[in-house]
Amino acid sequence: MNVLVVNCGSSSLKFQLINSDTEAVAAKGLCERIGIDGRLVYQPAGGEKEVTEAPMPTHTEAISLVLKALVNEKTGVLKSLDEVDAIGHRVLHGGSKITESRVIDDEVIAVIDECCDLGPLHNPANLMGIRACMELMPGKPNVAVFDTSFHQSMPPKAYRYAIPTEYYEKYAVRKYGFHGTSHRYVSGEAIKYLGLDKDNSRVIVAHLGNGASISAVKNGKCVDTSMGLTPLEGLVMGTRSGDLDPAVLEYICNKEGLTVSEMLTILNKKSGVMALSNNLSSDFRDLEEAMDNGNEAAALAIEAFSYRVAKYIGSYAAAMNGVDAIVFTGGIGENAGVVRKAVLSYLGYLGITMDEAANKKRGENFILSTPDSKVKVAVMPTNEELAICRDTVELVKNS
Ligand code: AMP
């Protein structure tokens with residue numbers, strides 16, 4: 001089957017056309033600046049990247065341009081759109097009602113719509129992408145794969161906040177967690193790669209990218225994760241603060257005359273390693289280089305980031321009464337040996353020893369722990385698009 005995987009943000013759209021039999025990507029790309037002006041980057045497998053400036057007032061025009069590129073006579077990879085068998089959509093928030101991927105029907109659309117409140121930047125864009133595909137490819141099955149659904153197996157002790165129950169009952173305020181497609185894919189692949197028994201396994205996945213989250217996966221099911229009601233909770237991230245005393249909000253708002261919403265923008269966009277490095281960068285390549293040149297703020301940013309990851313791993317080992325495997329993924333987890341080394345330096349008490357030579361590798365599945373390490377540690381690239389493609393095929397075949 002040819003599956004078009006679509007990931008819509010508020011002003012952008014990423015896509016991949018995947019052949020589900022070979023799991024090869026036939027073409028991929030992105031639309032940027034939707035609603036502003038519009039730019040399509042398109043790349044067929046083995047071909048050059050093409051950049052086209054074209055007006056994209058809404059996601060419908062953006063998807064229409066993607067479809068035209070896919071069937072373009074010279075650089076297209078399909079003869080006609082009839083060859084697209086299904087569309088898989090990444091959707092941010094499914095609230096508490098959706099616990100797995102679903103074929104999109106009126107009920108699923110209603111839930112995505114209801115959850116716009118909880119995912120105000122993404123859910124409306126996800127809906128626009130879904131509606132555009134339905135309009136431009138009528139009759140084709142669409143599947144929604146939710147960032148929150150893998151975390152729905154968390155028990156109440158993990159997802160409830162210790163605040164008055166009325167806020168949970170009236171407004172569904174609780175921990176939801178995000179990056180679920182990545183945590184599910186990576187934990188599942190790790191179980192196979194490391195030869196673990198799924199029904200008797202305790203895996204911690206550290207998805208460390210510009211957005212970063214960590215999850216505890218027991219017997220293939222998520223029992224805890226670091227992001228919360230929104231992606232702001234948990235680890236220190238590129239520009240997000242992660243965990244902090246909520247009283248900080250009021251304190252700074254009062255001192256600086258800021259509104260809560262202005263302060264939240266600061267916590268989401270101007271904090272994290274960007275802030276700790278004194279606004280040097282949110283990119284670990286820049287931070288590493290600066291640290292190597294003696295920049296103390298960059299060194300602090302890397303150290304604080306790694307320390308928070310190590311603390312979460314310790315708490316999730318406690319949550320599962322032990323841990324069999326720790327897996328690093330995401331742009332930082334896959335590439336930044338300096339972060340992996342710093343994180344593991346706190347975990348000797350778990351009987352973990354790192355293979356220094358292996359830590360120089362990047363960009364492939366590899367084992368980072370030495371053979372005598374009590375806990376296996378691996379690095380595994382995530383592939384959310386492939387996970388979405390696999391779910392889409394399974395649901396469409398069975399529907
Ligand atoms: P992601 O959000 O998963 O795409 O991760 C993006 C982040 O990964 C970037 O902001 C960098 O901080 C980090 N990253 C990517 N490549 C490298 C690399 N070669 N070395 C260190 N960090 C990297």
Side-chain angles (χ1 to χ4, degrees), residues 5 7-10 12-16 25 28-30 32 41 43 90 92 121-122 147 177-187 189-190 205-215 225-227 230-232 234-242 268-293 295 297-309 327-344 358-366 368 378-388:
V5 176
N7 178 0
C8 286
S10 50
S12 68
L13 177 165
K14 291 189 204 140
F15 67 91
Q16 284 192 4
V25 177
K28 64 180 180 181
L30 77 157
E32 293 171 301
V41 182
Q43 186 173 28
R90 179 180 184 185
L92 182 81
L121 294 180
H122 293 84
D147 253 31
F178 298 89
H179 291 143
T181 310
S182 174
H183 286 288
R184 175 165 58 103
Y185 174 82
V186 172
S187 57
E189 291 296 301
V205 178
H207 176 113
L208 310 180
N210 195 33
S213 67
I214 184 158
S215 64
T225 193
S226 59
M227 284 179 165
T230 77
L232 184 55
L235 301 177
V236 174
M237 304 179 216
T239 61
R240 293 188 190 119
S241 64
N268 271 302
K269 304 222 159 114
K270 297 194 168 162
S271 300
V273 291
M274 178 68 138
L276 287 172
S277 68
N278 294 337
N279 295 324
L280 178 78
S281 178
S282 60
D283 191 309
F284 275 71
R285 286 163 285 203
D286 302 332
L287 296 176
E288 248 185 272
E289 194 186 323
M291 180 176 74
D292 291 345
N293 291 326
N295 184 315
L300 171 67
I302 293 176
E303 186 59 17
F305 178 92
S306 310
Y307 178 60
R308 181 81 55 90
V309 175
V327 194
F328 288 97
T329 193
I332 300 161
E334 290 163 32
N335 295 295
V338 67
V339 169
R340 296 191 297 247
K341 185 172 176 168
V343 170
L344 295 183
N359 196 35
K360 295 196 173 68
K361 293 194 214 167
R362 60 171 57 154
E364 52 177 310
N365 289 347
F366 63 89
L368 183 59
V379 176
M380 304 186 73
T382 190
N383 194 338
E384 288 161 284
E385 289 79 10
L386 181 57
I388 293 172

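When a ligand or atom number is given, it counts from 1 through the structure's own listing order. Everything quoted here is computed from the prediction, not taken from an experiment.
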Can you tell me which residue and heavy atom of the protein come closest to [atom], and the distance to 0.1 Å?
atom	value
atom 21 (C) of ligand 1	Arg285 CG, 3.7 Å
atom 12 (O) of ligand 1	Phe284 N, 2.8 Å
atom 11 (C) of ligand 1	Asp283 OD1, 3.4 Å
atom 17 (C) of ligand 1	Asn335 CB, 3.5 Å

Legend entry - Closest non-hydrogen atom pair, Thr239 against Ser282: CG2-CB, 4.0 Å
Inset, instruction - Specify the closest pair of heavy atoms between Leu235 and Ser226, including all atoms of both residues, with the distance to one decimal. - result: CG-OG, 4.2 Å
Inset, instruction - Under the ring pair (Phe, Tyr, Trp, His ring centres under 6.0 Å) rule, collect the residues that match up with Phe178, sequence neighbours excluded. - result: His93
As an exercise, identify every atom of ligand 1 less than 4.0 angstrom from a heavy atom of [X].
X	answer
Asn210	1 (P), 2 (O), 5 (O), 6 (C)
Arg362	19 (N)
Gly331	1 (P), 3 (O), 5 (O), 8 (O), 13 (C), 14 (N), 15 (C), 23 (C)

Inset, instruction - Kindly indicate, with the supporting measurements, whether the criterion side chain to side chain contact (heavy atoms under 4.5 Å, CB included) is fulfilled by Asp147 and Thr181. - result: CA-CA 6 Å; Asp147 253 31; Thr181 310; 3.9 Å; yes
Inset, instruction - Flag atom 14 (N) of ligand 1 as yes if some protein heavy-atom distance to it falls below 4.0 Å, otherwise no. - result: yes
Inset, instruction - List the steps and the verdict of side chain to side chain contact (heavy atoms under 4.5 Å, CB included) for Leu368 and Leu344. - result: CA-CA 10 Å; Leu368 183 59; Leu344 295 183; 3.8 Å; yes
Inset, instruction - Mark yes when over 12 heavy atoms from residues, nucleotides or ligands other than Phe366 sit less than 6.0 Å from its CZ; otherwise mark no. - result: yes
